[in-house]
Structures are given as structure tokens and as C-alpha cells.
There are 4 protein chains.
Amino acid sequence: MPKLGMQPIRRRQLIQATLEAIDDVGLADATIARIAKRAGVSAGIISHYFGGKDGLLESTMRQILWDLGNAVAQRRARDDVTSPREHLHAIIDGNFDRSQVDKIVMKTWLAFWSVSMHRANLQRLQRVNDRRLYSNICHHFRRCLPRPDAQQAARGLAAMIDGLWLRGALAPQGIDVDRARQLAYDYVEEQLAHATSRTSPNA
Amino acid sequence: MPKLGMQPIRRRQLIQATLEAIDDVGLADATIARIAKRAGVSAGIISHYFGGKDGLLESTMRQILWDLGNAVAQRRARDDVTSPREHLHAIIDGNFDRSQVDKIVMKTWLAFWSVSMHRANLQRLQRVNDRRLYSNICHHFRRCLPRPDAQQAARGLAAMIDGLWLRGALAPQGIDVDRARQLAYDYVEEQLAHATSRTSPNA
Amino acid sequence: MPKLGMQPIRRRQLIQATLEAIDDVGLADATIARIAKRAGVSAGIISHYFGGKDGLLESTMRQILWDLGNAVAQRRARDDVTSPREHLHAIIDGNFDRSQVDKIVMKTWLAFWSVSMHRANLQRLQRVNDRRLYSNICHHFRRCLPRPDAQQAARGLAAMIDGLWLRGALAPQGIDVDRARQLAYDYVEEQLAHATSRTSPNA
Amino acid sequence: MPKLGMQPIRRRQLIQATLEAIDDVGLADATIARIAKRAGVSAGIISHYFGGKDGLLESTMRQILWDLGNAVAQRRARDDVTSPREHLHAIIDGNFDRSQVDKIVMKTWLAFWSVSMHRANLQRLQRVNDRRLYSNICHHFRRCLPRPDAQQAARGLAAMIDGLWLRGALAPQGIDVDRARQLAYDYVEEQLAHATSRTSPNA
DNA sequence: AATGAATGAGTCTTCATTCAT
DNA sequence: CATGAATGAAGACTCATTCAT
């Protein structure tokens with residue numbers, strides 16, 4: 001059974017099993033035993049690869065943060081993304097991308113939001129992500145809005161995105177991605193409209 | 001010896017202690033023992049008054065839901081609240097009111113959002129609240145917007161409110177109520193602006 | 001079942017059960033489950049009363065140290081104990097007293113000697129006891145010997161006592177108390193003999 | 001590829017690593033993983049060479065017993081060791097020899113004293129050593145003392161040696177070899193003094 | 001010969017709950 | 001009404017051992 005280089009394979013397996021377990025029974029009941037069973041391995045291996053449950057949770061959170069960052073980055077890397085509007089749309093699209101795992105990830109996110117308030121390491125991760133979303137948005141609003149307006153717009157859009165996400169996660173029928181995206185687009189449009197009337201017409 | 005009417009007193013004590021415990025160590029570590037100690041009573045009494053930990057949590061959630069509903073209702077009951085805009089502002093104000101317990105309540109809310117996904121009873125409570133916020137908002141947008149626009153505006157405003165709340169809860173420096181409220185007001189204004197140009201001028 | 005003031009009763013029960021378990025299977029295998037079963041209580045209660053296994057072990061060690069100190073003190077408190085020789089004999093007698101539990105205590109002592117090297121709290125207890133034995137002995141030798149001789153004699157007698165104890169603990173047939181005591185008496189006699197020839201004849 | 005004669009090399013490596021681990025963290029925490037890491041090999045190899053942890057511990061104990069026996073034997077093999085006194089001094093010197101590994105060995109010894117009470121195989125080894133010390137000593141006292149006196153003297157000297165060892169092992173500053181040896185010499189002298197006055201003048 | 005992977009039994013601990021007083 | 005005692009299941013974690021490579 002034991003082959004070489006299992007570590008990355010197992011780590012991925014276990015993180016995936018963690019996401020599924022959280023989706024299934026919630027973070028509070030996502031015990032090591034359950035996660036291990038779902039991954040088809042023994043419980044002891046988790047401590048072996050992650051040093052303990054905390055390590056597993058942190059790695060899981062890192063994973064979904066990285067996935068999100070990656071989704072956004074990919075959208076923004078496309079050639080046709082140049083204007084502030086396009087960049088902001090790319091950010092929105094990245095935040096509402098994430099195909100089939102969406103439901104799982106949203107639940108996990110919700111769970112982490114809650115626990116991160118009381119765990120320094122998770123809090124740090126979570127905060128970096130928060131600031132990144134805000135900074136990205138703010139940066140592009142800045143290209144066509146005066147600083148205070150850009151900051152306010154960025155706060156609004158970030159809240160809108162997170163709020164849509166949150167309500168989507170809580171809604172029994174799940175999130176309606178197109179509708180959510182449209183609401184975010186609309187919000188961007190409103191903000192840019194103010195800009196247009198005052199500064200540049202081709203935001 | 002048996003004091004009369006201890007029940008409501010004890011229940012309030014224990015719910016308050018629960019909120020404080022969640023604020024302090026998080027829901028996961030808010031054990032019955034800790035809550036009881038904070039309330040200055042023995043652990044056994046919780047099962048006596050609430051039938052168990054689940055009952056206590058449900059009662060606690062009911063409490064904060066009721067407080068929220070109450071805050072909104074009070075704002076809307078004022079004589080000068082008549083127009084859609086005034087009503088929507090009242091709803092916003094209600095959601096961002098809640099003086100000194102704010103931080104505690106926000107943390108608790110966050111915790112309940114997470115666990116309610118996996119507990120039927122909490123989920124029901126949470127959903128009622130969600131729908132109430134949406135319905136209230138939608139109802140007033142309907143007075144000056146066509147149904148689809150009103151629904152979309154309501155979804156947007158609800159998301160905005162929850163998003164501001166969420167980010168406020170997560171932010172280390174807490175929420176900036178005035179700024180949050182202003183963002184929500186602005187959002188309302190944008191939606192009503194569309195209405196004005198098409199339907200009624202006195203939204 | 002639950003009566004008031006069980007704490008001291010349970011603590012004594014559990015310490016006794018710990019001694020018996022160590023005597024039975026050794027410290028390494030004296031698990032909480034085994035100790036609890038022997039005491040006829042559930043395993044959880046140990047953490048409840050002692051805060052954990054470490055607390056139980058420390059309390060157990062304190063107990064046997066206190067018992068030893070007490071045995072010595074009682075001997076020395078007798079009216080007819082006045083001369084250095086009598087005091088030293090009382091110390092020896094105290095160290096070799098301890099009736100029926102002797103075998104159990106000796107094994108526990110041996111176990112604690114070993115683990116105390118790597119646990120700060122136990123090491124402290126153990127060291128206090130070591131120094132107490134030496135100081136007591138030294139003090140009485142000082143009454144009839146010059147300081148360097150008294151110190152050397154004290155080191156010798158302390159070593160003799162501990163060595164007899166150790167070998168008694170290890171011997172399959174247990175310790176022969178009378179023989180051990182006689183050897184210690186003899187050692188005292190030799191030391192005092194040197195004193196006699198040089199200083200006081202009525203040591 | 002398979003190197004020839006690895007067995008004795010590996011065994012010595014692992015035994016040495018075991019001693020160091022016990023010195024470092026105590027027998028209870030001297031896990032196979034730790035020992036293996038210290039030896040710079042994989043954990044699996046221990047079972048391969050020693051059949052399991054028990055085998056390793058037994059081999060380790062055999063090693064230190066053999067080292068002790070060897071130290072004594074070397075002292076006694078010297079040409080100028082002929083009289084009982086010289087032999088007894090050689091035994092004492094052997095027991096307090098053991099240069100640089102002293103502290104490590106003393107700790108290990110202490111640990112084994114404790115566990116050997118509950119492990120048949122270790123107990124046997126330990127007992128052989130005990131009896132050897134006693135027999136050696138007794139044999140030489142017999143050359144100048146009547147049997148009962150010789151036996152008693154042997155018990156006393158053995159206890160003295162072990163006691164000095166024990167207290168040396170427990171003392172934070174370690175053992176003072178010269179002082180310990182002097183105390184043992186003195187004890188021998190006292191015993192032989194009795195002999196001189198009664199039996200042979202050239203003990 | 002040697003390793004890293006993996007297991008599963010066993011340990012300590014926590015915690016909601018029950019119960020006699 | 002209220003307490004403190006007590007339980008027992010469940011949790012995370014450790015560790016000696018086995019096995020395929």
C-alpha cells in the first residue's frame with residue numbers, strides 16, 4: 001500500500017473530505033473520525049499529515065482562499081480586461097465562479113467566518129482575504145473616482161458581494177449566480193455613473 | 001422557599017450568559033458549564049429550564065431575532081414614517097441599531113448563521129427572519145417600482161445590509177454604523193431614482 | 001448517590017486506588033481507566049477532582065511524602081527522644097515504619113524517583129523531601145560532630161537509608177525492616193563513636 | 001547494496017540513541033519514533049532489529065549491566081588487587097567509574113529500576129546484577145569476618161553504594177564521585193576494623 | 001537492508017445530561 | 001428550586017507495529 005510521495009495526495013484527499021464533511025454535517029460535527037472515514041483512511045493519519053485537527057482546518061481554509069484568489073486572478077488575467085469596469089466585473093465573476101463545489105465551499109466559508117473570530121491563525125487568513133477583496137476593488141474605483149468616493153464604493157461593493165454570498169449560502173435553493181452577478185454589476189454601474197458625470201466618460 | 005416566578009428571570013440570565021460566552025470563546029467552546037458559571041448558577045439548571053443545550057441555543061436565537069424585529073418595528077412605528085423611503089430607512093436603521101450589545105449580538109449571529117445550516121429548528125428561525133427582511137423591503141419598493149425591479153432591489157438591499165453586517169462583524173475595529181447606514185441609504189436612493197424617473201415622483 | 005462533601009472522600013479513594021494500581025501494574029500502565037475502575041468510579045471523575053492525570057499523580061506523591069514526614073515527626077515527638085542518637089534513631093524508625101502499605105509505597109516511591117527527573121512539579125516535591133532527610137540528620141550529627149564530619153555522616157546515613165529502601169523495594173522478598181534498621185543504627189553508632197572519642201561522651 | 005555486518009552497528013546505534021532519549025525525555029516519553037530519529041534511521045527498523053520496543057529496552061538494559069560489570073571486572077583484574085580491602089575498593093571504584101556517560105546511565109538505571117518491577121525479563125536482569133554486587137562484596141568480607149557479620153556488612157555496603165548512586169542521580173548537581181567513594185571506603189574501613197580486632201590483622 | 005505509509009488500539013480529556021439530596 | 005456529584009459516550013491524539021516498495 002505505502003507508496004512514495006503520498007503526502008500531497010493524502011493532503012488533497014483529506015482537505016476534500018473535510019469540505020464534504022462540513023457540507024454534510026457542519027463544522028462542529030466534522031470530527032476527525034468522520035473526515036477520515038470519508039477519505040477512506042484511518043483517523044490517525046490526519047494528525048500525521050496535518051499535525052492535528054487545527055492544522056487540517058487551517059489547510060482547508062487556505063485551500064478555499066487560494067481557490068478563490070485563483071478564480072479571480074484568472075478572470076483578470078484575460079487580455080480583454082483593461083478598463084476599471086472590466087476589472088471590477090472580473091472580480092465579481094471570480095467571486096461568483098466556482099462551478100459545482102459552490103455549495104460546499106459556501107458552507108465551509110460560512111463556518112470559517114464564524115470560528116475565525118476565536119482562532120488567531122484562521123483570523124489572520126480571513127482578514128488577508130477580506131482586505132484583498134477590498135483593495136482590489138478600491139484600486140479600480142480609484143481610476144475613475146476621487147479617493148473618498150472610491151473607498152465608499154469599494155466598501156459597498158465588497159459588502160454587496162459578501163452579502164449575496166451569505167444569503168446565497170443560507171438560502172435553501174442556493175444562490176442564483178446570474179442574478180447575484182447582475183446585482184453586483186448594477187452596483188458597479190451606479191458607482192461608475194457618478195464618475196462619468198464628473199470625470200472620465202470611458203470608465 | 002421556592003421563589004415564585006423564577007423561571008423568566010433565570011431564562012433571561014441564562015440567555016444573556018450564553019450571549020456573553022459566545023462573544024467570549026465562540027459557540028464551539030460555549031459549554032454548559034461555562035455558561036452556567038457565568039450566570040452564577042449550577043450547570044444542572046440549564047437542562048431544567050431549557051430541556052438541554054439545544055433548547056438554550058434555540059431560545060437564545062429567538063431572543064436575538066426578536067430583539068432585531070423589535071428594533072425595526074419601533075423605528076417603523078413612528079408617526080413620521082410614511083413614505084417608502086422613510087420605511088426603508090427605518091428598516092435600515094433598525095438593522096444597524098442595537099447599541100451596546102452590538103458586538104456580542106453580531107458574533108452570535110455569525111455563529112448561528114453557521115450552525116443553522118445543519119439544525120432544522122434553527123434553520124427555520126433563521127429563514128423566517130431572512131424572509132421577513134426581504135418581504136419588508138420588497139413591500140416598500142413595490143410602492144414605487146414594478147414587481148421585478150422591486151424584487152431585485154429588495155434582494156440587493158437585503159444583501160447590502162447583511163454584507164455590511166457581516167464585514168462589520170469580521171472587522172477587527174468593528175462596524176462603523178454611520179458609514180454602513182449611509183451605504184445602505186445610498187443604495188436605496190439609487191433604486192428609488194430609477195423609480196422616480198419612471199413612476200411616482202414622491203417615493 | 002451524590003452527597004455533599006464528597007471531594008475529600010473521593011480524593012482519598014482515588015489516591016489509594018492510584019497506589020494500588022502502581023503496585024499492581026506499574027506507573028506506566030496505571031491508566032486513568034484502571035485507577036477509576038479500581039476505585040469503583042467512572043474515569044471522568046478523575047479529571048473532575050484532580051484536573052487531570054498529572055494532578056492525580058502529584059497529589060499521590062504529596063500524600064506519600066506527607067505520610068513519611070508524619071511518620072518521622074511522630075517518632076521524634078515522643079518525650080524520651082532527646083539525645084542526638086535518639087533523634088537519629090527516630091528518623092530511621094520513621095523511615096522504616098509504615099506497616100502494611102509498605103510494599104505499595106516503596107514501589108510508588110521508586111516509580112516517582114524515576115519520573116520526577118522529567119517533571120518539574122514532581123522534581124520539586126522530591127527534592128524537598130531529599131533535603132529534609134539530609135537536614136534532619138545533619139542537624140543532629142552537628143550536636144556531637146564538627147561540621148564537615150557531621151555533613152559527611154549525614155550524607156552517609158541518608159544514602160544508607162535510601163539504599164536500604166531501594167534494595168528492599170527491588171528485592172523479591174521485600175525489605176527486612178529489622179535488619180535494615182539495625183544496619184542504619186550501626187552506621188549511626190560508628191559515626192557517633194568517632195565523636196565520642198573526641199568530643200562528648202554522652203551523644 | 002545490502003551492507004554486510006550492519007546488524008551490530010545498527011544495534012549499537014539504537015541502544016545509544018535509547019540511552020540519550022531516556023536521558024532527554026524520560027523512559028515514558030522515549031518513543032520509538034524519537035529514538036529512531038535520534039539514531040538517524042526510520043522507525044520501522046527497530047522492530048526489525050530488536051523485534052519490538054521490549055526487545056530494544058531489554059538490550060539496552062543488558063548493555064548498561066554489562067558495562068557496569070565490565071568496569072568492576074577491569075578494576076579487579078589489576079595485579080595489585082589482592083587483599084579484601086583492595087577488592088572491595090575495586091568494586092566500589094567500578095561502581096563509581098563510568099566517565100562521560102555517567103548522567104545518562106544513572107537516569108536510565110533509575111528508569112529501569114522502576115519498570116523492572118513489572119516486567120519479568122527486566123526483573124531477571126536486574127536481580128542478577130543485584131545479587132552479583134552483593135555476592136562479590138560478601139565474598140571478600142567473608143575473608144576476614146564471620147559469615148553473619150560478613151553478610152550484614154555486605155548488605156550495608158551494597159545499600160550504601162546504591163544509595164549514594166540513587167541520591168547522586170536525583171541530585172540536581174549530580175553525584176560527587178570522590179565524596180561518594182570516600183563514604184563507601186569509610187564504610188568498608190569500619191567493617192574491617194571490627195574484623196581486625198577479632199580476626200585477621202591484615203584484611 | 002531500509003523506508004515511509006498506514007493502521008488501530010489505547011490514552012486522556014471534555015461535556016451534556018441525570019439524579020439524589 | 002437548586003445544587004453538586006457522577007456518568008459514559010465521544011473527542012483528539014499517540015504510538016508500536018506491519019507492510020509494500
Side-chain angles (χ1 to χ4, degrees), chain A residues 1-7 9-10 28-36 40-56, chain B residues 1-7 9-10 28-36 40-56, chain C residues 1-7 9-10 28-36 40-56, chain D residues 1-7 9-10 28-36 40-56:
Chain A
M1 231 173 301
K3 301 177 186 149
L4 267 62
M6 290 303 286
Q7 186 142 351
I9 298 174
R10 284 281 176 259
D29 292 324
T31 64
I32 277 201
R34 217 187 299 256
I35 293 169
V41 297
S42 75
I45 208 88
I46 288 183
S47 294
H48 183 258
Y49 280 124
F50 292 93
K53 196 183 184 184
D54 281 357
L56 174 59
Chain B
M1 198 70 66
K3 297 155 193 160
L4 292 172
M6 287 305 285
Q7 183 147 349
I9 297 174
R10 283 278 178 260
D29 291 325
T31 66
I32 279 203
R34 219 187 298 254
I35 293 169
V41 297
S42 77
I45 206 118
I46 287 183
S47 295
H48 183 262
Y49 277 122
F50 294 93
K53 195 183 187 184
D54 282 355
L56 173 59
Chain C
M1 232 175 301
K3 300 176 185 152
L4 267 63
M6 290 303 285
Q7 186 142 351
I9 298 173
R10 285 280 176 260
D29 292 324
T31 66
I32 277 202
R34 218 187 299 255
I35 293 169
V41 297
S42 75
I45 207 87
I46 288 183
S47 293
H48 184 259
Y49 279 124
F50 292 93
K53 195 183 185 184
D54 281 358
L56 173 59
Chain D
M1 200 68 68
K3 296 154 195 162
L4 291 173
M6 286 306 285
Q7 182 146 351
I9 296 174
R10 283 277 179 260
D29 291 325
T31 65
I32 277 202
R34 219 186 298 253
I35 293 169
V41 297
S42 76
I45 205 108
I46 288 182
S47 295
H48 183 263
Y49 277 122
F50 294 93
K53 195 182 186 184
D54 282 356
L56 173 60

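The chains referred to below are lettered A, B, ... by the order of the sequence lines, with proteins before strands, and numbering in each begins at 1.
Distance, A:M6 CE to E:dT7 C1': 14 Å, rounded to whole Å. Between the P atom of E:dC12 and the CD1 atom of C:I45 lies a distance of 16 Å, rounded to the nearest Å. Look at NE2 on B:H48: it is 8 Å from P on F:dA2, rounded to the nearest Å. Separating the CD atom of C:Q7 from the P atom of F:dA5 is a distance of 6 Å, rounded to the nearest angstrom. Per the geometry, CD1 belonging to B:I32 stands 8 Å off C1' belonging to E:dT17, to the nearest Å. The distance from atom CG of A:D54 to atom P of F:dG11 is 16 Å, rounded to the nearest whole Å. Per the geometry, CD1 belonging to A:I46 stands 13 Å off C1' belonging to E:dT7, to the nearest Å. If you take CG of B:D29 and P of E:dT13, they are 17 Å apart, rounded to a whole angstrom.
In the set E:dA1, E:dC12, E:dT7, E:dC12 carries the atom at the smallest distance from any side-chain atom of C:K53. Proximity note for D:V41 (side chain, C-beta onward) versus E:dT3, F:dA6, E:dT13: the nearest is E:dT3.
Across the interface with DNA chain F, nearest-nucleotide mapping of C:G40 and D:G52 shows C:G40 to be the residue nearer the 5′ end. Remark on DNA chain E: of its neighbouring residues B:A30 and A:A43, the 5'-side contact belongs to A:A43, judged by nearest-heavy-atom nucleotide.
With a cut-off of 3.5 Å on both pairing distances, the Watson-Crick or G-U wobble partner of E:dA20 is F:dT3. Base pairing of E:dA1: no nucleotide in any strand meets the Watson-Crick or G-U wobble criterion (both distances under 3.5 Å).
Across all non-hydrogen atoms, the minimal contact from D:T31 to D:K53 is CA-NZ, 4.2 Å. The heavy-atom pair separating D:Q7 from D:Y49 by the smallest distance is CA-CE2, 3.7 Å. When every heavy atom of B:A36 is checked against every heavy atom of B:A43, the shortest pair comes out as CB-CA, 3.6 Å.
In this structure, B:Y49 reaches the sugar-phosphate backbone alone: every heavy-atom distance under 4.0 Å involves primed, P, OP1 or OP2 atoms, never a base. Residue contacts shown for C:T31 are limited to sugar-phosphate atoms, with no base heavy atom under 4.0 Å away. Among the protein residues, C:S47 comes within range of the nucleic acid bases, having at least one heavy atom under 4.0 Å from a base atom.
Dashed line: the shortest gap from a side-chain N or O of C:R10 to OP1 or OP2 of F:dA6 is under 4.0 Å.
Between the CD1 atom of B:I32 and the CD1 atom of B:I46 there is a distance of 4.5 Å, given to the nearest 0.5 Å. The structure places CZ of B:R10 at 11.0 Å from NE2 of B:H48, a figure rounded to the nearest 0.5 Å.
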